[in-house]
Peer 1: 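Starting off with a structure, shown below.
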Amino acid sequence: MTTKNNCRNCGEVLEHVFVDLGMQPLANSYVDPTKKDQAETRLPLRPFVCQGCRLVQLPEYETPEGIFGDYAYFSSQSSAWVKHCGDFADLAVNRFKLQGNNRVLELASNDGALLSAFQTRGIQVLGIEPAHNIARYAQQQGIPTIDKFFGIDLAQELVNQGYQADLVCANNVLAHVPDIEDFVRGIELILAHDGVVSIEVPSLYNLIKENQFDTIYHEHFSYFSFETAIDVLERRGLKVFDVETLPTHGGSLRIFARREIDRHPFNSVYQNNISRVSQEEQFCHNFYNLLGYCIFPQKDKFTTIQKLAKLRQDGAVIAGYGAPAKLSTFLNYCGIGPETISFVVDSTPAKQNKLVPGVHIPILPESELQVLKPDVIFISAWNWKKEIEAKIKKECDWNPEVICRIQGSSV
Ligand code: TYD
């Protein structure tokens, strides 16, 4: 049994702060302008690093029910994400020889973007999505979806009904799970004898290498290196047999695991993939290196403030492109508000006409760029850099200066 001060993976007492980003509002709690004078909840954004298994983690300040009860993010709204899903469905169908009688289960299936790709390839699908509004939407699109949180209880309920999954997909969800034990044991339970689980997590190595500290926010409870992810899975009976590195979310890992490895032939290509990623991540295996990260964000804070403040002083109107959760962390940490960035545009209707949490920069539809013609565009959704740069090139004929904090990222 672990408490809030114990590692949610291995139970070790948590004593070491990975980085302190101060008191921050909830990054996805966009503020209604009529409520802008009301106090916002602020909580410490101070992840710890476990001395035992190296898992970087935030205490569960906010319950998953509070975060996901009604969620603003719909996967299908991004054409790049829909393409990512189609590519993965092709890969999985070919590689694991999935046919019409096989079952694909997705945990945190959102609006069914990935499952609909499997469905159009003739595979049986089931989604688990606790955000009621999004689950309802997926059901309306013909994607069977259970609107509950996944864990041992739900897995057992489904197994009792005779359900087992040949492929379990858990993309960008493990980081949001406070009770890793319950979630991963549930996967092990629901996996068919020969089934495969595919897990995508943003990589801690990339977070450090590119100083992506803004990907830290209260909804992300855990930050994984490959080695730590292996530890998380193997403690709960799942053996990792392959890994890929992906450009998504500024650099992610796609980890494949299954229950019984002995029955499968040794594959040197997979083994090479595992060795390559493990070697690349050597930095993350040294506990004291991880502790050293705590000073990294300050570097960006000062250079970005200086750069934006100088442009503003010279009279430039600065707009942000994209209002992702990471923008909230970034601006609140740097103390940048509407005095510097006049407005942000975002394609998500649920975010439009709201304010960025804490710093209260207005969020407008993308079409407002054409009206307000800012001199500078700061690509705040840097994980979509390529897509956004292409849009700016096509639509912003007044030639604004474009700034992006993270250079190497795409999708
Ligand atoms: P997302 O990738 O979900 O990041 P986070 O997990 O940090 O919230 O958010 C990307 C945001 O960028 C989302 O609100 C949509 C917005 N966006 C646009 O407004 N226009 C675009 O062309 C793209 C690609 C994204």
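Fair warning: this is a prediction, and the values are worked out from it, not measured in the lab.
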Peer 1: Give the C-alpha distance, both sets of side-chain angles, the deciding distance and a yes or no for side-chain hydrogen bond (donor to acceptor under 3.5 Å, both in side chains) between Asp346 and Gln352.
Peer 2: CA-CA 7 Å; Asp346 195 286; Gln352 291 164 2; 5.8 Å; no
Peer 1: Would you check if the side chain of Asn5 reaches a backbone N or O of Leu14 as a donor-acceptor pair within less than 3.5 Å?
Peer 2: no
Peer 1: Atom CG in Leu55, atom CZ in Phe221: separation rounded to 0.5 Å?
Peer 2: 12.5 Å
Peer 1: Counting the benzene-type ring for Trp, do Phe18 and Tyr293 have ring centres under 6.0 Å apart?
Peer 2: yes
Peer 1: Under 4.0 Å between a side-chain nitrogen and a carboxylate oxygen: does that hold for Glu60 and Arg8?
Peer 2: no
Peer 1: Could you check whether any side-chain N or O of Ser203 sits under 3.5 Å from a backbone N or O of Tyr205, counting only pairs where one atom can act as donor and the other as acceptor?
Peer 2: yes
Peer 1: With heavy-atom distances below 4.5 Å as the criterion, would you say the side chains of Phe150 and Ile190 are in contact?
Peer 2: yes
Peer 1: Would a distance-only check, ignoring hydrogens and angles, find a side-chain to backbone donor-acceptor pair under 3.5 Å from Asp242 to Phe256?
Peer 2: no
Peer 1: Hey, are the side chains of Leu191 and Leu238 touching, using non-hydrogen atoms and a 4.5 Å cut-off?
Peer 2: yes
Peer 1: What verdict does the salt bridge (charged side-chain N to carboxylate O under 4.0 Å, His left out) test give for Arg185 and Glu181, after you've listed the backbone C-alpha separation in whole Å, the side-chain angles of each residue and the deciding distance to 0.1 Å?
Peer 2: CA-CA 6 Å; Arg185 289 243 180 252; Glu181 170 76 9; 2.9 Å; yes
Peer 1: How far does CG of Asp194 sit from CD of Gln164, to the nearest 0.5 angstrom?
Peer 2: 11.5 Å
Peer 1: Starting from the C-alpha separation in whole Å, work towards a yes-or-no answer on side-chain contact (heavy atoms from CB on, under 4.5 Å) for Leu167 and Asn102.
Peer 2: CA-CA 8 Å; Leu167 174 64; Asn102 290 125; over 6 Å; no
Peer 1: Could you check if a side-chain atom of Ile143 sits within less than 4.5 angstrom of a side-chain atom of Leu126, using non-hydrogen atoms only?
Peer 2: no
Peer 1: So, is the end of the Arg258 side chain (NZ or CZ) under 6.0 Å from the ring centre of Phe96 and within 45° of the ring's axis?
Peer 2: no
Peer 1: So, Ser275 and Ser278: side-chain donor and acceptor under 3.5 Å apart, yes or no?
Peer 2: no
Peer 1: Any non-hydrogen side-chain atom of Tyr223 less than 4.5 Å from a side-chain atom of Gln57?
Peer 2: no
Peer 1: Does a side-chain N-to-carboxylate-O contact under 4.0 Å join Lys391 and Glu395?
Peer 2: no
Peer 1: Is there a side-chain contact (heavy atoms from CB on, under 4.5 Å) between Val359 and Ile336 once you walk through the steps?
Peer 2: CA-CA 7 Å; Val359 295; Ile336 294 173; over 6 Å; no
Peer 1: How far apart are the closest heavy atoms of Asn383 and Gly250, and which atoms are they?
Peer 2: CB-N, 4.1 Å
Peer 1: Is any side-chain heavy atom of Cys53 less than 4.5 Å from a side-chain heavy atom of Glu12?
Peer 2: no
Peer 1: Is the closest side-chain heavy-atom distance between Thr41 and Leu43 below 4.5 Å?
Peer 2: yes
Peer 1: Does Arg236 form a side-chain contact (heavy atoms from CB on, under 4.5 Å) with Glu188? I'd like the steps, not just the answer.
Peer 2: CA-CA 7 Å; Arg236 285 138 196 125; Glu188 201 266 338; 5.7 Å; no
Peer 1: Please find out if less than 6.0 Å separates the ring center of Trp81 from that of His249.
Peer 2: yes
Peer 1: For Val159 versus Leu189, what's the shortest heavy-atom pair and its separation?
Peer 2: CG2-O, 3.7 Å
Peer 1: What distance do Asp214 atom CG and Asn332 atom CG have between them, rounded to the nearest 0.5 Å?
Peer 2: 11.5 Å
Peer 1: Decide side-chain contact (heavy atoms from CB on, under 4.5 Å) for Cys50 and Cys10; before the verdict, give the C-alpha distance in whole Å, the side-chain angles of both, and the deciding distance to 0.1 Å.
Peer 2: CA-CA 9 Å; Cys50 173; Cys10 72; 3.5 Å; yes
Peer 1: Can a donor-acceptor pair be found between the side chains of Tyr163 and Glu157 at a distance below 3.5 Å?
Peer 2: no
Peer 1: With no hydrogens and no angle check, is any side-chain donor or acceptor of Glu129 less than 3.5 Å from a backbone partner on Ile146?
Peer 2: no
Peer 1: Starting at CG of Leu327, measure out to CD1 of Ile361 and round the result to the nearest 0.5 Å.
Peer 2: 6.5 Å
Peer 1: Any donor-acceptor pair under 3.5 Å linking the side chain of Gln119 with the backbone of Gly142?
Peer 2: yes
Peer 1: How far does CZ of Arg405 sit from NZ of Lys385, to the nearest 0.5 angstrom?
Peer 2: 12.5 Å
Peer 1: Phe213 and Tyr333: aromatic ring centres closer than 6.0 Å?
Peer 2: yes
Peer 1: With distance as the sole test, does Ser380 use its side chain to make a donor-acceptor pair with the main-chain N or O of Gly322 at under 3.5 Å?
Peer 2: yes
Peer 1: Answer yes or no: are there more than 12 heavy-atom neighbours, outside Lys373 itself, under 6.0 Å from its atom NZ?
Peer 2: yes
Peer 1: Tell me the closest heavy-atom pair linking His360 and Pro338, and the distance in Å.
Peer 2: O-CG, 3.8 Å
Peer 1: Would you say that Pro362 contacts Glu368 through its side chain, given a criterion of any heavy-atom pair below 4.5 Å between the two side chains?
Peer 2: no
Peer 1: For the residue pair His176 and Ser222, establish whether any side-chain heavy-atom pair is separated by less than 4.5 Å.
Peer 2: no
Peer 1: Quick check: closest heavy atoms across Ile341 and Ala319, and the distance to 0.1 Å?
Peer 2: CG2-C, 4.1 Å
Peer 1: Please check if any side-chain donor atom of Asn160 sits under 3.5 Å from a side-chain acceptor atom of Gln156, or the reverse.
Peer 2: yes
Peer 1: For residues Cys284 and Ile208, report the shortest heavy-atom separation together with the two atoms involved.
Peer 2: SG-CD1, 4.2 Å
Peer 1: Please check this pair: side chain of His218 against backbone of Pro44, looking for a donor-acceptor N/O pair closer than 3.5 Å.
Peer 2: yes
Peer 1: Is the backbone of His285 close enough, under 3.5 Å, to the side chain of Arg54 for a donor and an acceptor to pair up by distance?
Peer 2: yes
Peer 1: With rounding to the nearest 0.5 Å, note down the distance linking OG in Ser252 to CG in Asn206.
Peer 2: 8.0 Å
Peer 1: Using the side-chain contact (heavy atoms from CB on, under 4.5 Å) rule, pick out the option among Asp166, Leu98, Val93, Leu114 that qualifies with Val104.
Peer 2: Leu98
Peer 1: Do side-chain atoms of Glu200 reach the backbone of Arg254 as a donor and acceptor pair under 3.5 angstrom?
Peer 2: no
Peer 1: Could you tell me whether Lys148 and Asp153 make a salt bridge, using a distance below 4.0 angstrom between a side-chain N and a carboxylate O?
Peer 2: no
Peer 1: Counting N and O atoms only, with roles assigned by atom type, does the side chain of Asp32 sit under 3.5 Å from a partner on the main chain of Thr34, one being a donor and the other an acceptor?
Peer 2: yes
Peer 1: What closest approach, in Å, do Gly186 and Ala155 show between heavy atoms, and which atom pair accounts for it?
Peer 2: O-CB, 3.4 Å
Peer 1: Cationic tip of Arg95 within the cone over Tyr270's six-membered ring, i.e. under 6.0 Å and within 45° of the normal?
Peer 2: yes
Peer 1: Do Lys239 and Phe241 form a cation-pi contact, if we require the NZ or CZ to be under 6.0 Å from the six-membered ring centre and within 45 degrees of the ring's axis?
Peer 2: no
Peer 1: If we check side-chain contact (heavy atoms from CB on, under 4.5 Å) with Thr329, which of these qualifies: Gln212, Gln24, His220?
Peer 2: Gln24
